[in-house]
Amino acid sequence: MAREIAKAYEPQQIEPRWAEFWVKEELFKADANAPGPVFSIVIPPPNVTGSLHIGHMLEHTEIDILTRWHRMRGYNTLYLPGTDHAGISTQRVVVKFLADQGIDYQKLGREEFEKQVWKWKEEAGGEITKQMKGIGESCDWSREKFTLSPEMSRKVREVFVRLYEEGLIYRENRLVNWCPVCLTVLSDLEVVHEERQGHLWHIKYPVAGTNEFLVVATTRPETMLGDTAVAVNPEDERYSRLVGNNVVLPLMNREIPIIADEMVDREFGTGAVKITPAHDPNDFEVGKRHKLAEIDVMTDDAHMNANAGAYAGLARFEARKKIVEDLKAQGLLEKITEHTNAIGICERSKTIVEPRVSTQWFCRMKLLAEPAIVAVERGEIRVVPDNRREEYFNWMRNIRDWTISRQLWWGHRIPAWYCKENNHVTVARETPAKCTTCGSTNLEQDPDVLDTWFSSGLWPFVTLGWPENTPDFRTYYPTTLLITGYDILFFWVARMIMLGLHFTDKVPFRAVYLHSLVRTAGGEKMSKSKGTGLDPVALNQQYGTDAMRFCLASMAAPGTDIILSDDRLASSRNFANKIWNAARFLFVNLDKFEESGARLEELAAPEVRAKAPYGCGGKIPLVDAWLFARLAATIEMMNDALANYRFHEAAQGVYQFFWGDFCDWYIEWVKPELQSADRERATVAWKNLFAAFDAALRLLHPFMPFLTEELWHQLPQKASAKSIALDSFPGVRSDWKNDAVERKMRFLQEIVTFSRNHRAQAGLSNKQRFPLGLGNLDQSYRELVHENEEAVLRLGSFSSVDYAVLRIDPKTGVVRPTPQGDLVISVEREVNTSAEIAKIRKSIEPLTKTIASKERQLADETFRSRAPEKIIKGLEATLSQQKIELEKLRRRLEELGGGSQEAAG
RNA sequence: AGGCCCGUAGCUCAGUUGGUUAGAGCGCUACCUUGACACGGUAGAGGUCUGGGGUUCGAGUCCCCACGGGCCUACCA
């Protein structure tokens with residue numbers, strides 16, 4: 001049964017096949033009634049119309065690694081996929097799409113527009129789930145959810161109504177953030193602050209009935225058209241006499257009062273502030289306190305309106321320019337100074353947000369926040385990395401009410417109806433027939449929709465069945481873990497905790513791991529619009545999905561952002577290729593073995609792997625025992641790392657094991673034995689090799705699902721499961737661990753390395769074989785070398801071994817002292833004495849330094865009394881070894897005529 | 001204004017409760033095309049951990065200050 005296997009790993013050839021297999025076979029379908037501990041995770045729903053970006057790739061890789069790892073360890077595992085309708089951003093995309101075809105969405109009308117978005121969603125949407133399937137995420141696709149499905153809509157209404165009935169949702173006229181491009185109100189979080197260099201215009205307001213002026217400073221002169229007062233600090237003597245008088249508002253020729261209010265900072269600007277209640281949050285508060293009129297001077301799209309007199313119709317910054325010019329012309333502009341301040345930008349449209357008075361729906365947060373703070377304080381939700389806890393607490397303790405209505409068409413319509421006669425509000429789960437207050441049947445539903453985050457805030461419990469107590473809800477809620485980016489800690493994570501606790505009395509997840517962001521080489525956030533984003537689909541094509549996943553995992557140290565580079569990707573691809581070729585080695589040689597008459601059945605029984613490592617004549621060969629000891633250490637390390645979201649450690653650990661231990665040492669060591677004429681020896685070697693390789697594949701599987709699935713299916717020893725994903729993650733057997741074996745193996749490796757090292761330095765070819773000499777070696781180590789003589793001679797290119805070297809000829813022998821004894825290479829020609837001397841001197845130098853510092857430390861009484869026993873013992877042990885080593889090096893130096901050690905260093 | 005993070009080899013980054021000669025990948029140097037793999041093998045060079053001060057028997061690891069870089073929160077006109 002000769003196997004055809006390509007020389008280089010070609011991921012494109014195998015990935016689509018397995019991706020399809022996993023979906024078609026419904027391999028990852030969860031069963032709420034299945035036994036075992038539960039691992040459940042819900043996806044942070046990506047935008048339905050979006051496509052996979054590199055950040056998703058990282059997030060999904062981490063989720064999938066942990067999901068597969070748990071599944072393989074026997075957990076009842078659910079990874080629930082889904083998408084978000086992403087109100088504002090989807091609406092923007094479709095509006096632009098229509099505009100590109102010359103269609104004005106507003107003329108289209110609401111109903112038709114919504115149809116267009118659904119159509120868009122059906123066509124463009126689903127791309128991301130297609131991609132997720134393509135990269136092999138182990139989701140339960142039968143449970144896929146969408147935040148705007150009819151099912152979700154019912155649940156959202158349920159939540160809204162309950163909160164309204166509890167008085168936690170209310171409607172109010174207040175100053176809000178308005179985006180003049182998106183034409184909707186925004187929550188505080190959707191406004192990003194940016195430091196910008198601006199100006200402070202000092203404007204002279206004439207005091208009515210006098211020749212005096214009151215100078216006010218403003219950063220937004222255009223808002224002056226809506227001024228209804230000027231405020232000074234009540235303590236400010238400069239202005240106290242003016243309080244109660246009026247000023248004449250320039251350009252508008254309206255008289256407005258001079259008032260006193262604590263809010264005014266005497267030190268800032270001129271100490272006098274123009275008050276525009278309709279356009280500034282502080283002024284709004286002052287306006288309330290002093291019962292001032294609110295004059296809105298702008299339209300929805302930030303043009304000046306009829307209240308702006310002569311400036312009506314101008315765009316806000318046009319108006320600003322004109323106003324400044326006019327003031328200057330009238331001699332009312334005292335000066336302009338430079339001023340930097342943080343201005344609010346709409347997260348989506350990047351336009352400057354306009355503070356405005358408007359009637360909106362709000363959610364009261366204080367009460368919801370309290371239990372959410374407690375849950376994290378008590379550790380009912382573990383936050384990793386934990387420095388994010390403080391950020392969470394800070395925000396939660398200073399939380400303000402959440403503006404939940406949006407003037408959009410795409411989203412969950414607010415379940416509130418107003419009667420036309422009296423404008424009474426009726427909030428209901430189902431469309432009401434009449435007004436609950438006056439009985440009017442002339443009702444109209446609130447045109448607005450809910451903030452996207454309102455529905456995604458319910459995600460963990462509504463996707464699992466809430467408000468019904470379904471089997472899924474009982475089994476999988478609370479979810480085990482949430483993995484998401486720290487950039488949506490407040491937007492999403494905090495709100496899920498608050499709403500989850502409020503509606504289910506349980507935390508929505510027991511832990512939240514906040515992953516890193518992938519940044520550009522310059523350290524900036526990747527952005528598609530700036531063209532700095534990397535396309536993961538293209539990279540997957542180029543390097544393979546497994547390489548991409550492994551690369552991201554190996555860089556994903558908690559708390560640090562990732563800068564992805566071609567070098568790292570290439571290195572991961574090389575690793576995939578290494579695995580592929582190790583398999584190729586196995587299969588090619590297995591063919592030969594079979595041709596020589598071996599019976600595969602001996603190797604192929606699935607239970608064979610459970611008993612590895614096998615021994616020959618009752619004795620397990622050292623190298624096999626060693627490999628399984630390394631395997632045990634690797635498994636323990638990976639389990640520990642993954643339990644703490646230390647993906648990079650797990651990845652690097654398995655990399656080191658596979659490449660360093662398994663390929664570089666183990667395979668090279670056992671090569672001859674695999675074709676040994678001794679049938680028993682060969683069979684044992686094969687069994688151990690396959691058992692180890694099979695275990696390695698399973699260790700690698702969470703990171704590299706495609707490659708491992710492909711190779712696993714070719715293994716004679718694969719389990720009876722349908723897929724490696726349903727096979728078990730290797731467990732550690734206590735008899736695998738063996739320090740003595742590891743020590744012995746290290747000694748043999750040192751002999752080999754010594755030879756190679758010396759050859760490289762002396763420019764000697766590997767083909768030239770020299771005798772190996774061992775001096776001062778105790779019996780057990782002599783036996784050790786003897787038992788492994790073939791491998792040591794072959795890998796170290798020695799011709800023979802002399803087990804008891806008594807005298808070393810300094811002219812032809814090169815020595816390496818070790819704690820176990822001296823290693824000697826006898827070369828037939830003269831040793832290059834000066835090179836040898838230089839080399840010895842070079843190793844003497846750091847050795848003397850470290851010996852000196854250790855002696856100093858050990859001589860210190862305080863150290864001896866305070867340091868733990870373990871440290872002192874360890875220090876003493878290494879010190880004595882190093883002293884012996886140093887002594888030998890010095891003696892050797894003298895024999896070579898290299899002079900005294902003083903001269904050396 | 002408040003808070004957080006980072007500054008370790010030429011480059012990109014690890015280094016969990018302070019503890020024996022600080023690690024990896026890439027790059028670099030030398031040798032090797034050996035029947036798994038040149039997306040490879042073997043060996044090697046290269047950091048004293050941004051700077052200063054402190055705590056400690058002992059600090060890359062803890063504290064303070066400075067410099068440099070990044071981020072978040074915030075209604076100062």
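Throughout, protein chains are lettered first and strands after them, A, B, ... in sequence-line order, and every chain is numbered starting at 1.
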P atom, B:rU42 versus B:rG35: distance in rounded Å? 16 Å
Considering only side-chain heavy atoms of A:I667, which listed nucleotide, B:rA36, B:rA77, B:rG19, is closest? B:rA36
Who is the Watson-Crick or G-U wobble partner of B:rC37, with both distances under 3.5 Å? none
Got a donor-acceptor pair under 3.5 Å from the side chain of A:K7 to the base of B:rC37? no
With C1' as the reference atom in both, quote the distance from B:rG10 to B:rU20 in angstrom, rounded to an integer. 30 Å
Establish, with yes or no, whether the OP1 or OP2 oxygen of B:rA36 is under 4.0 angstrom from a side-chain nitrogen or oxygen of A:K671. yes
Short N-O contact, A:R388 and A:E391, less than 4.0 angstrom: yes
By the definition side chain to side chain contact (heavy atoms under 4.5 Å, CB included), identify the one residue from A:R220, A:E194, A:R196 that meets it with A:I352. A:R196
Which part of the nucleic acid, if any, lies within contact of A:K873, taking any heavy atom under 4.0 Å across all strands shown: a base, the sugar-phosphate backbone alone, or nothing? nothing
Would you mind reading off the distance between A:F754 atom CZ and B:rG44 atom P, rounded to a whole angstrom? 12 Å
When you check the side-chain N and O atoms of A:D860 and A:T862, is any donor under 3.5 Å from an acceptor? yes
May I ask you to check whether A:Y486 and A:D561 show a side-chain donor-acceptor distance below 3.5 Å? yes
Base B:rA24 paired with A:E649 side chain (donor-acceptor, <3.5 Å): no
Round to a whole Å and report the spacing from CD1 of A:I343 to P of B:rA77. 11 Å
With heavy atoms under 4.0 Å as the rule, sort A:V264 into base, sugar-phosphate or nothing. base
Between A:K767 and A:L189, who's closer to the 5' end of RNA chain B by nearest nucleotide? A:K767
Inter-nucleotide C1' distance (B:rC11, B:rC31), Å rounded: 26 Å
Just to be sure I understand the rule, does A:L175 reach a base, reach only the sugar-phosphate, or reach nothing, if contact means heavy atoms closer than 4.0 Å? nothing
Looking only at side chains, do A:N398 and A:N394 share a donor and an acceptor under 3.5 Å apart? no
Judged by modelled atom types alone, do A:S755 and A:R759 share a side-chain donor-acceptor pair under 3.5 Å? yes
Less than 4.0 angstrom between a side-chain N/O of A:R646 and OP1 or OP2 of B:rG15, yes or no? yes
Send over the distance from A:I563 CD1 to B:rC11 C1', rounded to a whole Å. 11 Å
Contact under 4.0 Å: A:H339 side-chain N or O vs B:rC76 OP1/OP2: no
Across the strands shown, which category fits A:D265 at heavy-atom distances under 4.0 angstrom: base, sugar-phosphate, nothing? base
Expressed in whole Å, how much space separates the P atoms belonging to B:rG27 and B:rG15? 24 Å
Parallel, tilted or perpendicular: rings of A:F575 and A:Y655 (30°, 60°): tilted
Shortest side-chain distance from A:H648, nucleotide among B:rC72, B:rU20, B:rA14: B:rA14
Any carboxylate oxygen within less than 4.0 angstrom of a Lys/Arg side-chain nitrogen, looking at A:R356 and A:E354? no
Scanning all shown strands, the Watson-Crick or wobble mate of B:rG58 with both distances under 3.5 Å is none
Can you tell me if A:N398 touches the phosphate of B:rA74, counting only side-chain N or O atoms and a distance under 4.0 Å to OP1 or OP2? no
Of the candidates B:rU12, B:rG19, B:rC72, the side chain of A:F490 sits closest to B:rC72
Would you say A:N341 places a side-chain N or O within less than 4.0 Å of OP1 or OP2 belonging to B:rA77? yes
Return the 5'-most residue of the pair A:A867, A:R568 with respect to RNA chain B, ranking by each residue's nearest nucleotide. A:R568
Does the distance from a Lys or Arg side-chain N to an Asp or Glu carboxylate O, for A:K288 and A:E294, drop under 4.0 Å? yes
Write down the partner of B:rC71 under the Watson-Crick or G-U wobble criteria, each distance required to be under 3.5 Å. B:rG3
Nucleotide nearest A:S571 when distance is taken to its side chain, options B:rG25, B:rU73, B:rC5: B:rG25
Taking RNA chain B as the partner, which of residues 849-864 of chain A come within under 4.0 angstrom of it by heavy atom? A:T850, A:K854, A:Q857, A:D860, A:T862, A:F863
If I pick the C1' atom on B:rG7 and the same atom on B:rU21, what distance separates them, to the nearest angstrom? 25 Å
For A:Q881 and B:rU21, give me the distance from atom CD to atom P, rounded to whole Å. 14 Å
Side chain of A:R756 only, heavy atoms from C-beta on: which candidate in B:rU12, B:rC4, B:rA43 is closest? B:rA43
Applying a 4.0 Å non-hydrogen cut-off, can you work out what A:T276 is touching in the nucleic acid: base, sugar-phosphate, or nothing? nothing
Check against side chain to side chain contact (heavy atoms under 4.5 Å, CB included), A:I871 and A:F863: CA-CA 10 Å; A:I871 297 294; A:F863 169 72; 4.3 Å; yes
Of the listed nucleotides (B:rC4, B:rG41, B:rU33), which one gets closest to any side-chain atom of A:N387? B:rC4
From C-beta outward on A:Q652, which listed nucleotide comes closest to its side chain: B:rA14, B:rC5, B:rU12? B:rA14
B:rG41 phosphate, OP1 or OP2: any side-chain N/O from A:W659 under 4.0 angstrom? yes
Identify the nucleotide, in any strand shown, that forms a Watson-Crick or G-U wobble pair with B:rG23, with both distances under 3.5 Å; if there is none, say none. B:rC13
If we call it a pair only when both distances are under 3.5 Å in a Watson-Crick or G-U wobble match, what pairs with B:rU29? B:rA43
Any idea which of B:rC76, B:rU12, B:rA43 is nearest the A:M555 side chain? B:rU12
Between A:Y543 and A:D566, is any side-chain donor less than 3.5 angstrom from a side-chain acceptor? yes
Give me the distance, rounded to whole Å, that separates B:rA22 from B:rG46 when you measure between the C1' atoms they each carry. 13 Å
Looking only at B:rG25, B:rA77, B:rC37, the nucleotide nearest the A:T218 side chain is B:rA77
I need the NE2-P distance between A:H202 and B:rA77, as an integer number of Å. 13 Å
For a quick check of understanding: with a heavy-atom distance under 4.0 Å over all strands, which category does A:P868 fall into, base, sugar-phosphate or nothing? base
Hunt down the Watson-Crick or G-U wobble partner of B:rG51, both distances under 3.5 Å, from any strand shown, or write none. B:rC65
Which nucleotide sits closest to the side chain of A:E391: B:rA77, B:rG19, B:rC4? B:rC4
Euclidean distance, atom CG of residue A:N394 to atom C1' of B:rG3 [Å, nearest integer]: 6 Å
In whole Å, what separates the C1' atom of B:rC62 from that of B:rG69? 23 Å
Could you give the CZ-to-C1' distance, from A:R388 to B:rU73, as a whole number of Å? 12 Å
Separation of the P atoms in B:rC13 and B:rG19, to the nearest angstrom: 24 Å
A:T276 versus A:K274, side-chain donor and acceptor atoms under 3.5 Å: yes
Can you tell me the distance, in whole Å, between the CD atom of A:E845 and the C1' atom of B:rU21? 13 Å
